[in-house]
Amino acid sequence: MIELTTQCCIVGGGPAGLVLGTLLARSGVDVIVLEKHADFLRDFRGDTIHPSTLQAMDELGFADELLHLPHEKAHLLRGILNGENILMADFSHLNTRYPFIAFMPQWDLLNFLARKASAYSHFRLLMRSEAKTLVREGGKIVGVEATSPEGNVSIRADLTVACDGRDSHMRAQAGLQPTVLGAPMDVLWFKLSRRDSDGSEPMGRFDAGRIFITINRNDVWQCGYVIAKGSFGQLQQRPISDLQQTIAEIAPPLADRVHEIASWDDVKLLTVAVDRLPVWHKPGLLCIGDAAHAMSPIGGIGINLAIQDAIATANLLALKLRDGAVQESDLAAVQKRREWPVRLTQWVQVTIQNRIIAPALGTKARGRAPWLLRHLHQIPVLRDLPARFVGIGVRPEHVTAPAMPPKK
Ligand SMILES: Cc1cc2nc3c(=O)[nH]c(=O)nc-3n(C[C@H](O)[C@H](O)[C@H](O)COP(=O)(O)OP(=O)(O)OC[C@H]3O[C@@H](n4cnc5c(N)ncnc54)[C@H](O)[C@@H]3O)c2cc1C
């Protein structure tokens, strides 16, 4: 068994884990991040970098370099509702230096953060290293045991942070049980080729109870088709041509290439989950990001929330970790700061799920969009609400954890 010691062991190199690792290392905290995969090149998990995340990157002095990486800027989010064009969110009025969503492959963002963090000698990123067991001593979690290419590793840490996503093994190990809020839908993901003549904007299409979104990933459209929860098995009993025809009907400009969905093997299921932990911590352990609260895909804000959690955690804990003085009450302070933004965001998402998505999925009607939705962008006080909710979020966090050298 290889034995390592650190001030903070972060389990999971997703958006939450890598932002937290970067911020803590910048503040002079010795950090180990464990990531079970060999790289960040995994399938689609959201490519959105929101204005509030860009603002945080700016506060770190990273934004210009990040925005040199290939990306698409979306100043507007549009939808087509039963044939009618609707402006869903207009980020251009937001009071921020970055009034747009940057669509960038998530692996580019994660690679960028890993490179930035690696500039600090006391930051270690262990790839292909999977945390298996929490180590306990006298009622406190004091680290993890993990597998790695070099053999089993035991990491002793003042604090372990579970950033291991919505199926968090670490929170299960700690006996932390999320409260399930539920969702009436799942999402099918697949790709269709993209041509320059298609345009580049992301688009949501809502048509007679069917919901279809397309996200620009250069040469392909990443497509999401919303289905009633648990209905994928039934759909798969039908020929793939049924799905091809549905997509051709709802998105006529893409009808000439729906044959690219050649079989059900080309279609991936995202089981939508919405949940949150009643308590995010145990002595020596904190859960953040999806490990503390899986978000609905409505608004595409899971990444942003995970990053905001990481910023708040670093703001509240960096100096205490550096001085070796983190108490469980400090972990509770992180939950206190982030819980209500999560609760409010999930409340909005669940309300939309239950009031709009669930009834829509059960109907074939092609009614007009509600008057308020059609005219929202003409009413200044309401116009910015969707853009603020999606782009900035409830209680955006600013980086206040100072840049410090490690303590000798
Ligand atoms: C198909 C899909 C599409 C999505 N689309 C969007 C979108 O458009 N916009 C958006 O904002 N959000 C989207 N999301 C949600 C978003 O991906 C998450 O909210 C966000 O990634 C959460 O970040 P996180 O760091 O908390 O967890 P994750 O991103 O889940 O990262 C967890 C990391 O931990 C690693 N890990 C897990 N267990 C271990 C272990 N035991 N040891 C070591 N490493 C471990 C995993 O490999 C992973 O890298 C989508 C999610 C899915 C599944």
Side-chain angles (χ1 to χ4, degrees), residues 9-21 32-50 52-53 74 77 101-107 109-111 113-114 125-134 144-148 153 155 160-173 186-191 202 204 213-217 222-226 267-275 280 287-310 313 338 342 345-346 349 390-391 393:
C9 176
I10 297 172
V11 178
L18 281 178
V19 170
L20 180 61
I32 292 179
V33 177
L34 298 174
E35 170 51 51
K36 67 180 177 183
H37 289 97
D39 54 37
F40 300 118
L41 289 173
R42 290 191 300 288
D43 208 356
F44 181 72
R45 297 189 42 76
D47 287 349
T48 48
I49 309 181
H50 293 242
S52 46
T53 297
L77 289 184
I101 289 192
F103 280 84
M104 180 185 290
Q106 197 182 107
W107 53 77
L109 171 68
L110 298 180
N111 276 321
L113 289 167
L125 172 60
L126 307 185
M127 301 299 288
R128 288 167 64 203
S129 301
E130 181 168 359
K132 295 283 191 190
T133 325
L134 288 171
V144 300
E145 286 183 359
T147 54
S148 85
V153 196
I155 299 166
T160 300
V161 186
C163 299
D164 51 344
R166 64 195 197 139
D167 299 317
S168 172
H169 179 57
M170 292 296 103
R171 80 176 176 206
Q173 280 255 315
D186 290 327
V187 184
L188 302 185
W189 290 106
F190 48 90
K191 296 182 177 79
I213 58 159
T214 42
I215 296 164
N216 176 0
R217 302 189 94 197
Q222 180 70 49
C223 304
Y225 178 58
V226 179
V267 178
K268 291 215 167 62
L269 172 71
L270 163 63
T271 308
V272 175
V274 188
D275 63 31
W280 297 19
C287 300
I288 62 167
D290 273 19
H293 47 75
M295 307 302 291
S296 164
I298 289 167
I301 47 185
I303 298 170
N304 199 37
L305 262 111
I307 290 176
Q308 300 294 312
D309 282 3
T313 304
R338 293 303 305 159
V342 168
T345 308
Q346 288 182 327
Q349 290 183 318
V390 173

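Small disclaimer: the values here were computed from a predicted structure and weren't measured. As a basis for the values below, the full set of heavy atoms in this structure was taken, side chains included, without hydrogen atoms, waters or symmetry mates. One-based numbering, in listed order, for ligands and for the atoms of each.
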>> If we check side-chain contact (heavy atoms from CB on, under 4.5 Å) with T147, which of these qualifies: K36, E130, R128?
In response: E130

> If we only count heavy atoms from C-beta on, is the V187 to Y225 side-chain gap below 4.5 Å?
Replying inline: no

>> So, taking the atom named CG in D275 and the one named CE in M295, what distance separates them when rounded to the nearest 0.5 Å?
In response: 10.0 Å

> How would you list, by chain and number, the residues with a heavy atom under 4.0 angstrom from ligand 1?
Replying inline: V11, G12, G13, G14, P15, A16, L34, E35, K36, H37, R42, F44, R45, G46, T48, S129, E130, A131, C163, D164, G165, W189, L270, G289, D290, G300, I301, G302, I303, A306

>> Going by ring-ring contact (aromatic ring centres under 6.0 Å, His included), name the residues that satisfy it together with H293, two or more places apart in sequence or in a different chain.
In response: W280

> Got a second to check how far I155's CD1 is from S129's OG, nearest 0.5 Å?
Replying inline: 7.0 Å

> Between the main-chain N or O of D309 and the side-chain N or O of T313, is there a donor-acceptor pair closer than 3.5 Å?
Replying inline: yes

